[in-house]
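Heavy atoms only: backbone and side chains are in, while hydrogens, waters and symmetry mates are out.
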Amino acid sequence: ESKESFFSGNQITVNWYTQNISSSANLDIMRLRNMDRGGEYEIIRYFQNDGSEVVTIPQVPAGNYTLEIKSSVKGYSDAIKGTSNKFYIK
């Protein structure tokens with residue numbers, strides 16, 4: 001069971017850390033993935049790799065979710081992907 005819970009419409013601060021990637025690089029997408037029913041919900045596109053972003057949780061069905069950051073940064077051979085621990089949206 002998820003330990004953290006949020007409501008659609010809540011503002012949250014998402015923090016992340018990357019190695020060997022410039023803080024001025026732009027990342028492609030931050031999204032929610034519904035772990036109960038499947039489905040992805042975009043939160044933000046094309047944001048700076050500065051390690052922190054304040055975002056609003058979109059209107060989504062209640063359930064267990066993870067938050068993903070994904071990108072292909074120009075000049076880096078590997079795609080970037082990070083996933084949070086599971087949490088609940090009410």
Side-chain angles (χ1 to χ4, degrees):
E1 183 165 312
S2 304
K3 294 182 180 182
E4 287 189 276
S5 62
F6 304 97
F7 291 95
S8 291
N10 281 163
Q11 279 198 328
I12 62 170
T13 301
V14 177
N15 297 301
W16 67 91
Y17 173 76
T18 56
Q19 272 186 300
N20 304 319
I21 298 172
S22 170
S23 62
S24 64
N26 284 328
L27 303 178
D28 291 338
I29 189 166
M30 185 184 300
R31 64 184 172 204
L32 295 173
R33 181 179 296 273
N34 186 308
M35 304 306 291
D36 301 324
R37 304 176 193 168
E40 298 173 352
Y41 303 89
E42 183 177 312
I43 296 175
I44 189 172
R45 278 193 172 272
Y46 309 120
F47 54 99
Q48 190 173 353
N49 182 36
D50 59 6
S52 184
E53 195 74 34
V54 176
V55 299
T56 301
I57 296 176
Q59 295 295 319
V60 295
N64 290 293
Y65 287 83
T66 58
L67 187 140
E68 297 179 343
I69 294 176
K70 195 171 182 182
S71 191
S72 299
V73 176
K74 187 176 182 176
Y76 297 91
S77 59
D78 297 327
I80 301 162
K81 184 176 180 187
T83 303
S84 72
N85 293 328
K86 191 166 53 171
F87 57 92
Y88 192 81
I89 296 178
K90 299 178 180 183

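- The shortest side-chain heavy-atom distance between Phe7 and Ile57 does not fall under the 4.5 Å cut-off.
- Contact check for Lys70 versus Asp28: no side-chain heavy atoms found under the 4.5 Å cut-off.
- The distance from atom CG of Asn26 to atom OG of Ser71, rounded to the nearest 0.5 Å, is 8.0 Å.
- Sorted by first and then second residue, the ring-ring contact (aromatic ring centres under 6.0 Å, His included) pairs with a member in residues 19-49 read Trp16-Phe47; sequence neighbours excluded.
- In this view, Glu40 and Arg31, Arg33 satisfy the side chain to side chain donor-acceptor pair (under 3.5 Å) rule, not counting sequence neighbours.
- From Ile89, atom CD1 reaches atom OG of Ser5 across 10.0 Å, with rounding to the nearest 0.5 Å.
- By the criterion of side-chain heavy atoms lying less than 4.5 angstrom apart, applied directly or through intervening Ile, Leu, Val, Met, Phe, Trp or Tyr residues, Ile21 is grouped together with Ile44 in one hydrophobic cluster.
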CA sep, side-chain torsions, deciding dist, call: Phe6, Tyr88, ring pair (Phe, Tyr, Trp, His ring centres under 6.0 Å): CA-CA 6 Å; Phe6 304 97; Tyr88 192 81; over 10 Å; no
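- Contact between Pro61 and Arg37 at its shortest, heavy atoms only, is CB-NH1, 3.1 Å.
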Evaluation steps, side chain to side chain contact (heavy atoms under 4.5 Å, CB included), between Thr66 and Leu32: CA-CA 6 Å; Thr66 58; Leu32 295 173; over 6 Å; no
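- Applying the side-chain hydrogen bond (donor to acceptor under 3.5 Å, both in side chains) test to residues at least two apart or on different chains, the pairs with a partner in residues 50-62 are Asn15-Ser52.
- In this structure Thr13 satisfies the side chain to side chain donor-acceptor pair (under 3.5 Å) test with no other residue, sequence neighbours excluded.
- Between the side chains of Thr18 and Asn49, at least one donor N or O sits under 3.5 Å from an acceptor N or O.
- With sequence neighbours excluded, the residues forming a salt bridge (charged side-chain N to carboxylate O under 4.0 Å, His left out) with Arg45 are Glu42, listed by chain and number.
- Both Val60 and Val14 belong to a common hydrophobic cluster when Ile, Leu, Val, Met, Phe, Trp and Tyr are linked at side-chain heavy-atom distances under 4.5 angstrom.
- With sequence neighbours excluded, the residues satisfying side chain to side chain donor-acceptor pair (under 3.5 Å) with Asp36 are Asn64.
- When all heavy atoms are compared, the tightest approach of Pro58 to Ser8 is O-OG, 3.0 Å.
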Stepwise side chain to side chain contact (heavy atoms under 4.5 Å, CB included) test for Met30 and Glu68: CA-CA 6 Å; Met30 185 184 300; Glu68 297 179 343; over 6 Å; no
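- Atom-to-atom distance recorded for Ser22:OG and Gln48:CD is 8.0 Å, nearest 0.5 angstrom.
- The closest side-chain heavy-atom distance from Leu67 to Thr83 is not below 4.5 Å.
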